[in-house]
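The structure under discussion appears below in the form of structure tokens.
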Protein chains: 2
Amino acid sequence: MATIADVAAAAGVSTSTVSYVLSGRRPISPATRARVEASIAELGYRPHAGARALAGRHTNVLALAAPLRSDINVPVIMQFVTSVVTAARSYDHDVLLLTNDEGSAGLERVAGSAMVDALIVMDIESDDARIPVLRRLRQPAVLIGLPNRPGGISCVDLDFAAAGYTAVAHLAEHGHRAVGLIGPPPAVYERGTSYATRFLAGFVDAVEEYGLASASHPSEPTFEGALACLNRIDDELPGVSALVVHNEAALSPLLGILRSSGRRVPEDVSVVAICPEDVALGLPIRMTSVDIPGHQLGALAVERVMSLLRGERGAETRLLAPSLAERDSCADAGTGPRAG
Amino acid sequence: MATIADVAAAAGVSTSTVSYVLSGRRPISPATRARVEASIAELGYRPHAGARALAGRHTNVLALAAPLRSDINVPVIMQFVTSVVTAARSYDHDVLLLTNDEGSAGLERVAGSAMVDALIVMDIESDDARIPVLRRLRQPAVLIGLPNRPGGISCVDLDFAAAGYTAVAHLAEHGHRAVGLIGPPPAVYERGTSYATRFLAGFVDAVEEYGLASASHPSEPTFEGALACLNRIDDELPGVSALVVHNEAALSPLLGILRSSGRRVPEDVSVVAICPEDVALGLPIRMTSVDIPGHQLGALAVERVMSLLRGERGAETRLLAPSLAERDSCADAGTGPRAG
DNA sequence: TTGAAAGCGCTACCAA
DNA sequence: TTGGTAGCGCTTTCAA
């Protein structure tokens with residue numbers, strides 16, 4: 001492999017000149033620049049990343065800690081990962097992928113060994129054990145999620161409380177008085193995953209504010225899980241006319257269950273989904289939904305990281321307002337036969 | 001951050017001794033080792049990755065080029081990514097995630113700048129443009145997939161041709177004489193994605209060998225796509241009694257469509273799915289399926305990489321034999337009413 | 001069994 | 001506008 005010295009020799013300049021044409025950190029005469037660039041191209045020179053990291057004290061690599069359980073929320077996670085990688089590339093950075101299974105150890109490892117310049121951490125729990133370790137690191141971190149006590153670490157997320165509220169409000173304004181929530185899997189709640197609790201809180205707020213009846217249960221991300229969850233809601237809330245589904249994987253099963261039990265959507269049951277837009281559009285019914293803007297959030301997290309890397313401070317946490325798209329899965333209460 | 005010199009000083013030894021206790025590349029007396037390890041722990045020392053890469057000529061990082069389109073095959077891709085990261089960690093390696101959108105450029109970049117020791121590339125096309133560039137790299141590469149001409153590069157994949165054959169054979173042996181194939185999205189075929197073509201080839205082989213009638217069409221990964229695809233198959237193949245579905249995202253919609261049009265599975269239509277096991281088990285019907293062993297393939301790819309890194313050569317391509325799990329979505333032809 | 005020291009390929013400071 | 005060069009923190013010879 002060609003080194004900077006080779007390039008310098010070929011161009012008849014010093015290595016520092018080559019370094020400066022590459023970094024643009026000092027003015028270079030057009031003539032010199034041209035010769036250097038020609039040599040670079042000719043030799044197919046690429047700076048050695050390790051040498052750069054050693055001398056320059058940064059790697060142009062970001063760590064992304066993602067929940068790589070293949071069972072849960074797969075499309076949303078994929079969106080985050082995709083958008084983080086894409087956004088990072090647009091800032092000339094690469095992404096080192098960590099699984100959350102490694103927990104704090106992984107973060108400490110890649111930060112401590114200077115493999116990365118900054119970290120983005122997903123799937124934040126309300127009282128996440130990684131936050132204290134993140135604060136101790138030399139590198140800045142951004143959370144996709146919102147813990148109870150961010151402790152000065154930047155957060156980026158959908159405002160899930162507002163999302164829960166919005167979904168219920170929409171239903172209430174359509175005359176529904178009894179609303180069921182099909183939530184994320186039990187494991188998500190048990191881990192204390194922040195978005196689940198926040199969504200539920202917003203849901204409950206709105207239910208109280210509008211004086212509705214409600215029932216909510218977690219659901220395993222399977223057909224049987226969705227069925228069990230729906231049954232429990234039906235038991236507890238006999239007149240239920242609307243469902244909020246905060247569980248992508250339960251969506252398709254749920255629609256199947258409703259149809260085969262003869263409950264039409266939206267005539268007999270209105271359904272609001274909380275999911276990425278493409279999921280909402282890929283179902284048998286175009287779902288009225290509150291979008292989980294995975295792409296936007298990933299990009300936002302990267303932007304925040306970049307500004308921290310530039311040494312800028314600024315608003316610590318940014319919660320995106322939810323937006324509800326009205327489509328075909330909601331109708332006014334009393335539209336169906338059961339309305340009498 | 002503590003450096004190796006700090007550790008050496010604290011332990012009263014030379015830096016080379018510290019380096020050797022870390023690498024285990026030469027014998028160290030128990031006493032010295034103990035002192036060094038104590039200093040390491042005390043100082044919280046972590047070797048600087050860049051310095052290591054520069055001096056040691058390897059990074060302990062693998063590149064993984066994955067198709068990060070969020071629209072397609074999401075669960076399988078997730079399985080690959082998850083298992084590659086997990087397996088890599090078990091060999092003390094990290095994973096740098098590349099999107100296939102960057103194409104050859106991304107591979108050349110991370111390899112050329114010595115960011116990675118080896119590359120794993122997914123979503124291989126039959127005549128993949130990245131193969132020639134991979135061959136030129138200093139670092140070894142492993143493909144998850146099978147191009148027409150691997151050119152000496154190691155490949156690891158499910159034997160999709162055998163999978164197609166197996167699915168049809170199973171159906172034929174249950175007496176079905178007219179079999180439809182719901183394939184991957186058109187874009188997958190258009191890109192010349194190798195697994196789609198290979199699967200189709202195996203499907204066709206078996207159809208011919210068993211003297212069956214067949215129809216096959218790609219399907220968009222949506223409800224409407226599945227519906228359109230099924231309609232075309234019904235048109236072309238009026239007596240169709242069995243379906244092979246090589247499209248995860250079409251699976252759930254398809255079952256809904258069949259049910260709501262009054263065709264029972266498996267009594268009226270048998271269905272064989274090609275998908276990961278958890279997908280097959282999360283549907284309303286426990287699907288008879290040919291497993292796509294994403295976890296196994298990812299782990300296998302990493303193992304192959306590691307053996308290449310050790311300088312071993314060996315079998316270049318490894319195709320896993322498909323295994324069909326009989327569950328509840330297939331029955332003998334002539335079971336249903338239409339058998340008359 | 002251990003130490004000394006020469007690089008590895010850059011960046012950025014100090015000079016010119 | 002450019003060059004010289006001292007590190008950056010490690011690994012690995014070469015010696016002892």
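Nothing here was measured: the structure is a model prediction, and the numbers come from that model. Every chain is numbered from 1, with letters handed out A, B, ... down the list of sequences.
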To the nearest 0.5 angstrom, please state how far the CG atom of B:Leu146 sits from the CG atom of B:Asp159.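 These two atoms lie 8.5 Å from each other.
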In Å, rounded to the nearest 0.5 Å, how long is the span from CE of A:Met115 to NE2 of B:His48?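 So the CE of A:Met115 and the NE2 of B:His48 are separated by 11.0 Å.
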Under 3.5 Å, is there a donor-acceptor pair between the side chain of [X] and the main chain of [Y]?
X: A:Gln139; Y: A:Asp117; value: no
X: B:Ser126; Y: B:Gly192; value: yes
X: A:Thr193; Y: A:Tyr195; value: no

Any residue of residues 16-27 of chain B with a heavy atom less than 4.0 Å from an atom of DNA chain D: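 Here the set is B:Ser16, B:Ser19, B:Tyr20, B:Arg25, B:Arg26.
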Tell me which residues in residues 55-63 of chain A put a heavy atom below 4.0 Å from DNA chain D, sorted by number, or none.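 Within this stretch, A:Ala55, A:Arg57 sit under 4.0 Å of the strand.
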Please report the distance, rounded to the nearest Å, between CZ in B:Arg33 and P in C:dT1.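 Taking atom P of C:dT1 as the reference, CZ of B:Arg33 is at 10 Å.
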Quick check: on DNA chain D, is the nucleotide nearest B:Leu54 upstream (toward 5') of the one nearest A:Ala31, or the reverse? Name the residue that is more 5'.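 This one resolves to A:Ala31.
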State whether [X] and [Y] are salt-bridged, where the test is any N-O pair (Lys NZ or Arg NE/NH1/NH2 against Asp/Glu carboxylate O) under 4.0 Å.
X: B:Asp94; Y: A:Arg109; value: yes
X: B:Arg198; Y: B:Asp157; value: yes
X: A:Asp123; Y: A:Arg191; value: yes

5' to 3' on DNA chain D, which nucleotides open and close the contacts with chain A (atom under 4.0 Å from a heavy atom)?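 The protein-touched segment is D:dT1 to D:dG9.
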Do A:Thr17 and A:Thr32 have side chains that approach each other closer than 4.5 Å (heavy atoms only, starting at C-beta)?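 Side chain of A:Thr17 against side chain of A:Thr32, heavy atoms only: contact under 4.5 Å found.
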Check whether any side-chain heavy atom of A:Arg46 sits under 4.5 Å from a side-chain heavy atom of A:Met1, and report yes or no.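 The answer is no; the side chains never approach within 4.5 Å.
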